[in-house]
Undergrad: 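Okay, here's the structure, questions in a sec.
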There are 2 protein chains.
Amino acid sequence: MKQRNTIQKRLVLEAVAALLNHPTADDVYQRIAMNHPNVSRGTVYRNLNALVQCNTLLKISMPDAADRYDIDTHLHYHLKCKNCGEFLDIELPEMAEMLSKIEDKSGFLIDRFDLVFKGICADCREKQIVQDNTSKL
Amino acid sequence: MKQRNTIQKRLVLEAVAALLNHPTADDVYQRIAMNHPNVSRGTVYRNLNALVQCNTLLKISMPDAADRYDIDTHLHYHLKCKNCGEFLDIELPEMAEMLSKIEDKSGFLIDRFDLVFKGICADCREKQIVQDNTSKL
DNA sequence: GTGGCTGCAAAATGTTTGCACGGAT
DNA sequence: ATCCGTGCAAACATTTTGCAGCCAC
């Protein structure tokens, strides 16, 4: 169960750190392939999983899209703009209270949930409004 | 854009209604295939999508698993037991407040999010505790 | 030296799609 | 008569895996 320090694992971790904005496995693979074309996709996936396992990376499950990875493993949440694709972090301390409310209600002991909010970011909303007004002229 | 009334679409809707507990596309296909082996998987998927589109069904995106479908389209949430697989509904009226809090914080206009809580249900917890005590004897 | 890690390719999984035909409107 | 929906199979996207050799420990 002890993990070895391979060059490939280091490359994967470096790539996730370098690629801001929560890269997908393929983003990581592409980035590594630039300088190390012999590293295989399977190895990238295996190392991503291993790093998630040992809590060095966080896996963000994306419905209807490839999963993403985050170097920031502290408890936080994500927002994705459907328009420009921006993907950003959000703190939600009030979520803890919600969870205990759910546990009380259901009798469940919750140990994980995946949560990505999708919508339109402030910038895109502004542009949209400007566009709407323009089209009225 | 007008949808036609085909036998296949009726079969899909009937199957989702008959299969309680939020069936997957394959559950629906299997059920229909029992009596109508000529209906194809593609048709089941296309009809499920069409029914979601017109708000007759709700699609529940499941991370790391096949998506599920729900005849109950009113706003509610889901809990899945990792132990026995039970999948049940939960009402969370307080989620609305959380959403407006997020919109205020982020400037996003949120239009969807998928949320399935995973944990251990009350029954399984009880059994687990009994088992733990037994093993101490 | 040994056993985990790698590269490669194949497979698994879940879902969509191109096409020619058939059926609902 | 239109043209949307169907069955079929192939394609797709993402991820996992079997295997033989390699390398970190």
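These numbers come from a predicted model, not from an experiment.
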Undergrad: Check the distance between dT15(D)'s P and D64(B)'s CG and give it to me in whole angstrom.
TA: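 D64(B) atom CG is separated from dT15(D) atom P by 9 Å.
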Undergrad: What's the closest nucleotide to the side chain of T6(B) if the choices are dT6(C), dG5(D), dT15(D)?
TA: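 Minimum distance to the T6(B) side chain belongs to dG5(D).
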Undergrad: OP1, OP2 of dT6(C) versus side-chain N and O of S40(A): anything below 4.0 Å?
TA: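 No.
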Undergrad: Are L75(B) and E91(B) close enough that some pair of their side-chain heavy atoms sits under 4.5 Å apart?
TA: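 Side-chain contact under 4.5 Å: no.
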Undergrad: Could you state the interatomic distance from NZ (K9(B)) to OG1 (T43(B)), rounded to the nearest 0.5 Å?
TA: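 It is 11.5 Å, given to the nearest 0.5 Å.
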Undergrad: Among dA24(D), dT15(C), dT17(C), which nucleotide has an atom closest to any side-chain atom of R4(A)?
TA: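 Closest nucleotide among those given: dA24(D).
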Undergrad: For the pair made of CD in Q53(A) and P in dG4(C), what is the distance, rounded to whole Å?
TA: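 Q53(A) atom CD is separated from dG4(C) atom P by 15 Å.
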Undergrad: Report yes if a side-chain nitrogen or oxygen of Y45(A) is closer than 4.0 Å to either non-bridging phosphate oxygen (OP1 or OP2) of dT16(D); otherwise report no.
TA: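 Negative; the distance criterion is not met.
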Undergrad: Nearest whole angstrom, please: distance from the C1' of dT15(C) to the OH of Y69(B).
TA: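 Value for this atom pair: 9 Å.
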Undergrad: Could you tell me whether the phosphate oxygens of dT16(D), OP1 or OP2, come under 4.0 Å of any side-chain nitrogen or oxygen in N49(A)?
TA: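 N49(A) to dT16(D) OP1/OP2: side-chain N or O found under 4.0 Å.
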Undergrad: Kindly determine whether K59(A) and D70(A) satisfy salt bridge (charged side-chain N to carboxylate O under 4.0 Å, His left out), including the steps that lead there.
TA: CA-CA 6 Å; K59(A) 180 175 184 167; D70(A) 198 339; over 6 Å; no
Undergrad: When the distance from CZ of R10(A) to C1' of dC23(D) is rounded to whole Å, what number comes out?
TA: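 To the nearest whole Å, that distance equals 15 Å.
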Undergrad: To the nearest 10°, let me know how far the axis at one end of the helix from dG1(C)-dC25(D) to dT25(C)-dA1(D) is tilted from the axis at the other, five pairs an end.
TA: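 The angle separating the two end axes equals 40°.
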Undergrad: Could you check how far CD1 of I7(B) sits from C1' of dG23(C), rounded to whole Å?
TA: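 Taking atom C1' of dG23(C) as the reference, CD1 of I7(B) is at 9 Å.
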Undergrad: Could you tell me the separation between the NE2 atom of H36(B) and the P atom of dG7(D), rounded to a whole number of Å?
TA: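 Atom NE2 in H36(B) sits about 11 Å away from atom P in dG7(D).
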Undergrad: Indicate the ring-plane relationship of F87(B) and H78(B), choosing parallel, tilted or perpendicular according to the 30° and 60° boundaries.
TA: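 Ring orientation, 0 to 90° scale: parallel.
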Undergrad: Any carboxylate oxygen within less than 4.0 angstrom of a Lys/Arg side-chain nitrogen, looking at R68(B) and D27(B)?
TA: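 D27(B) and R68(B): not salt-bridged.
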Undergrad: If you assign each of R41(B) and N5(B) to its closest nucleotide in DNA chain C, which residue comes earlier from the 5' end?
TA: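 Closest to the 5' end, via its nearest nucleotide, is R41(B).
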Undergrad: Rounded to whole angstroms, how far apart are NZ on K9(B) and P on dG23(C)?
TA: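 That distance rounds to 17 Å.
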Undergrad: Would you say E14(A) has more than 12 foreign heavy atoms packed within less than 6.0 Å of its CD?
TA: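 Counting neighbours around CD of E14(A), more than 12 heavy atoms of other residues, nucleotides or ligands fall under 6.0 Å, so yes.
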Undergrad: Hey, is CD on Q53(B) packed in by over 12 heavy atoms from elsewhere, all under 6.0 Å?
TA: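 Check fails, neighbour count at 12 or below.
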Undergrad: Just to be sure I understand the rule, does D26(B) reach a base, reach only the sugar-phosphate, or reach nothing, if contact means heavy atoms closer than 4.0 Å?
TA: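 No contact at all - D26(B) keeps every heavy atom at 4.0 Å or more from the nucleic acid.
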Undergrad: Between C1' on dG7(C) and OH on Y29(A), what's the gap in Å once rounded to a whole number?
TA: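 So the two atoms are 10 Å apart, to the nearest Å.
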Undergrad: Do H76(A) and I90(A) come close enough that some side-chain heavy atom pair is under 4.5 Å?
TA: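 A side-chain contact under 4.5 Å is absent here.
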Undergrad: Counting just side-chain N and O atoms, does Q8(B) come under 4.0 Å of either OP1 or OP2 of dG7(D)?
TA: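 Looking at the OP1 and OP2 atoms of dG7(D), one of them is under 4.0 Å from a side-chain N or O of Q8(B).
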Undergrad: Quick check on dT6(C): is either OP1 or OP2 less than 4.0 Å from any side-chain nitrogen or oxygen of N47(A)?
TA: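 Yes, within the criterion.
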Undergrad: Using only modelled atom types and a 3.5 angstrom limit, is any donor from either the side chain of R46(A) or the base of dG4(C) paired with an acceptor on the other?
TA: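 No, the side chain and the base share no sub-3.5 Å donor-acceptor pair.
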